[in-house]
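Being a predicted model, the structure only gives us computed values, none of them experimental.
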Amino acid sequence: MAFPPPAGTDYLEPSTGVIGPLQSRQVREWTLVLTSMNITHAVRDAHPGWVITVAAGDHTRAVRAIELYEAENKNWPPRRTRELLPYARSLAAP
């Protein structure tokens, strides 16, 4: 059973939420997602990649926006299909 935090402990909540570590592709795409949702964020260098920091109050909304973006773009771009030639390959040139 979960209990509410004791009164007067609101100051213990961190002022930022951290998303990461991330690779460069994720940083570019996820910051665009956050910008489109008007979520203020900052990118920080963190070994072995980067992290995105957001206000603690926006952390849940930021994570949810990123989850929805990733689900929507799961198989994007689609794999290229190989073109089948209408004739067999030949080693001899006419």
Side-chain angles (χ1 to χ4, degrees):
M1 176 177 234
F3 296 97
T9 59
D10 296 345
Y11 68 92
L12 295 177
E13 181 178 329
S15 61
T16 58
V18 177
I19 303 169
L22 310 169
Q23 300 302 317
S24 61
R25 177 197 68 83
Q26 289 174 312
V27 170
R28 285 191 309 266
E29 292 178 5
W30 291 7
T31 55
L32 287 173
V33 170
L34 297 177
T35 300
S36 73
M37 297 293 294
N38 292 322
I39 298 174
T40 304
H41 59 279
V43 176
R44 302 281 186 250
D45 187 19
H47 186 69
W50 292 272
V51 295
I52 299 173
T53 58
V54 296
D58 288 334
H59 187 260
T60 303
R61 192 167 67 106
V63 170
R64 183 66 181 146
I66 291 168
E67 288 172 348
L68 290 172
Y69 169 81
E70 287 295 324
E72 184 177 332
N73 294 285
K74 185 175 184 179
N75 294 317
W76 190 260
R79 287 184 143 188
R80 292 182 61 178
T81 57
R82 290 187 65 166
E83 181 181 349
L84 297 176
L85 300 175
Y87 48 88
R89 293 180 183 216
S90 172
L91 294 178

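Of all heavy-atom pairs spanning Gly49 and Asp45, the tightest one is O-OD1, 3.2 Å. Residues Met37 and Ala65 approach most closely at CG-CB, 4.0 Å, considering heavy atoms. Scanning both residues, Ala46 and Val51, for their nearest heavy atoms gives CB-CG1, 3.9 Å.
Applying the side chain to side chain donor-acceptor pair (under 3.5 Å) test to every pair with at least one member in residues 25-34, sequence neighbours left out, gives these pairs: Arg25-Glu29, Glu29-Tyr69, Trp30-Glu70. Applying the side chain to side chain donor-acceptor pair (under 3.5 Å) test to residues at least two apart or on different chains, none of the pairs has a partner in residues 49-58.
A distance of 13.5 Å separates CZ of Arg44 from CG of Leu22, quoted to the nearest 0.5 Å.
Every side-chain contact (heavy atoms from CB on, under 4.5 Å) that Ala62 has, sequence neighbours left out, goes to Ile19, Leu34, Ile39, Val54.
Considering only heavy atoms from C-beta on, Arg64 comes within 4.5 Å of Leu68 through its side chain.
In the hydrophobic cluster analysis, where Ile, Leu, Val, Met, Phe, Trp and Tyr join through side-chain heavy atoms closer than 4.5 angstrom, Val43 is grouped together with Val63.
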